[in-house]
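Just below is one structure, and these are the notes that go with it.
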Amino acid sequence: MCVLWTNCIFLLACCCGLGFGSPNRCDEVRKVFQLRQIGPNQLLPSSPRPGPDLQVCMSKNLTCCTKKMEEKYQVAARRDIQNLLQTSSSGLKFLISHNVAAFQDTFEALLRQAENHTNTLFQEAYRSMADRAVGPVQELFTDIGLFLLGSELSVDDLVQRFFDALFPLVYNHLLNPGLSDISPGYAECVRLLSRDLKPFGGATSLLADQIARSGVSGKLLLQALHLGIEVINTTDHLQLSRECRRALLKMHYCPHCQGLTQSRPCMGYCLNVMRGCFASMAEIDTNWREFVLSLEGLSARMHGSQNLEQVLLGLHLLLHDAVKHAQKNGPRLSAQVHKLCGPASRKPAHSVSNQHSSSRESIPLMRASGDLLTVRRRDFLNSLRHYRTYYGGLADQLCVSELASGDGLSCWNGTDIVKSYTLRVVGNGIKAQSANPEVKVKEADPVINQIIDKLKHINQLLQGKSIPKLGSLDQIETGSGDTEGRYSGDCDDEDGCGGSGGGEVRRKVFRVSKLSPDVTSNHKHHYRHHPPAEDSEMGDRSRSLRLTGATWVLILPCLRMFQAL
């Protein structure tokens with residue numbers, strides 16, 4: 001009788017200690033272990049046992065865990081958290097990546113539409129040169145597309161190339177038409193004169209300015225969205241610290257060792273563990289909020305000259321005005337071309353063209369208007385706004401919606417099943433973790449620090465704070481152009497902006513620095529002043545121009561000092 005009573009007490013102790021009905025077998029633990037594919041079943045003991053070899057899931061009671069199982073549980077806990085992270089961010093990631101693709105598709109559609117409008121303009125208004133204008137028009141819109149999608153092309157250069165190629169066509173078919181086309185050599189001479197004669201007035205500067213201003217907004221939008229995806233990918237695959245991995249194991253799977261496979265952590269306990277593990281991630285919160293606000297600010301500024309849709313779909317109207325300006329000044333331009341290039345040299349005539357120019361007529365041109373980009377930006381930002389607090393509340397969100405036990409229910413506190421968690425619950429962020437009783441946080445994750453730095457930089461760009469001003473010393477010395485400077489709102493007198501004179505100096509320096517090694521510039525002076533045999537003198541002239549460029553850089557501070565006086 002005494003032996004029987006002793007056995008009953010032992011069985012009761014096993015049941016109470018392990019929390020499940022079968023005292024000699026860890027059936028429920030084995031089932032969950034297999035169902036979640038944590039590891040091979042051979043790792044499980046056939047019955048509860050002491051666990052002196054356990055490092056995290058230590059308990060005074062008998063256990064269904066071994067050291068090998070503990071290692072597998074730790075891997076599983078890390079995998080579970082990363083799956084939860086990816087699930088929680090999937091909506092945000094899809095929103096951004098979907099709109100990156102949508103914005104790129106919209107840019108391409110706008111470019112095709114604008115190119116079609118431009119070709120239609122030439123067909124309807126300048127039919128005699130329409131076919132030959134197709135190539136330069138296609139190159140222009142291809143270059144604009146490359147610029148919008150991230151290429152470092154100079155907007156000034158790509159626009160100037162287009163107008164350089166357009167001038168010989170306008171001269172041949174509208175200003176000085178003949179029975180046959182001008183010869184290739186004569187056309188090249190006319191092309192090289194385009195930059196000095198300015199046959200299209202201020203259209204070149206105006207178009208470059210519009211494309212640069214609106215294009216930088218489009219480029220920044222895409223650049224920012226790509227960074228948004230990079231931030232999400234980084235945090236989705238965050239490398240968890242050793243302390244965090246041990247805390248996750250203790251919270252998720254140590255109850256299994258005692259047969260408590262259905263238990264869930266207490267809310268306060270879960271918050272301490274998750275806020276400790278995501279302490280570095282919570283530091284993203286301030287800059288992520290600013291990121292969303294900065295995108296909204298950029299979108300609000302994308303109107304008028306910064307509205308890419310408006311600029312592209314109105315480009316054909318600007319070209320129409322540019323060609324009309326050349327026609328209006330036709331006699332003067334023809335006289336200057338004749339003076340510098342000589343009488344028009346034409347190909348032998350094969351047949352008389354029946355085409356005629358109707359460009360002087362007042363023709364109705366399509367005035368395309370649209371707000372596709374505006375609507376898409378608005379819808380995107382309305383959706384993104386819901387995620388502005390994503391990183392600040394991520395730990396709390398996962399505990400509330402996925403991990404922790406509900407209010408009033410028994411829960412796991414890291415060592416036992418209790419009614420409530422009694423330790424202090426810390427806040428979010430690195431500083432708050434000094435008092436965390438569950439996870440020791442030593443310092444911020446360096447990868448997270450890098451992503452924060454990138455967010456700070458893109459926020460400055462989105463707010464227009466780190467865009468260099470036109471006329472800065474490094475631009476003057478290198479002659480790199482003012483593509484970036486245009487974004488700050490600076491322009492010179494030739495663009496129709498009043499100034500104190502500094503703009504004139506900047507343009508002179510910029511022009512000279514472009515002339516120095518450029519073959520095109522050599523040809524321009526060659527056609528102006530010298531027959532083909534005088535190459536040596538041409539080289540001296542080119543060196544003279546280079547010296548002039550250096551001189552301007554040296555005297556610029558003096559000029560500015562006199563200005564100030």
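Just so it is clear, the structure is predicted and the values come from calculations on it, not from any experiment.
In this structure, CG on Leu44 lies 3.5 Å from CE on Met69, to the nearest 0.5 angstrom. From Ile81, atom CD1 reaches atom CE of Met251 across 5.5 Å, with rounding to the nearest 0.5 Å. To the nearest 0.5 angstrom, Leu222 atom CG is 8.0 Å from Leu148 atom CG. Here CG of Asp143 is found 11.0 Å from CZ of Phe141. Values are rounded to the nearest 0.5 Å.
Between Glu28 and Lys31 a salt bridge is recorded (basic side-chain N to carboxylate O distance below 4.0 Å). Comment: Arg289 engages Asp285 in a salt bridge, judged by a side-chain N to carboxylate O separation of less than 4.0 angstrom.
Applying the salt bridge (charged side-chain N to carboxylate O under 4.0 Å, His left out) test to pairs two or more places apart or on separate chains, those with a residue in residues 264-277 are Arg275-Asp396.
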Q. When you look at Lys93 and Asn233, which way does the side chain to side chain contact (heavy atoms under 4.5 Å, CB included) test go after all the steps?
A. CA-CA 8 Å; Lys93 187 174 182 178; Asn233 285 337; 2.5 Å; yes

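Donor-acceptor pairing under 3.5 Å is lacking for the side chains of Lys465 and Asn459. No side-chain donor-acceptor contact under 3.5 Å links Asn61 and Thr63.
Note: Tyr73 and Tyr253 have parallel aromatic rings, judged against thresholds of 30 and 60 degrees for the angle between ring planes.
Remark: SG of Cys257 is found under 2.5 Å from SG of Cys65.
Under the side chain to side chain contact (heavy atoms under 4.5 Å, CB included) test applied with Ser405, the options Cys411, Ser263, Ser410 reduce to a single match, Cys411.
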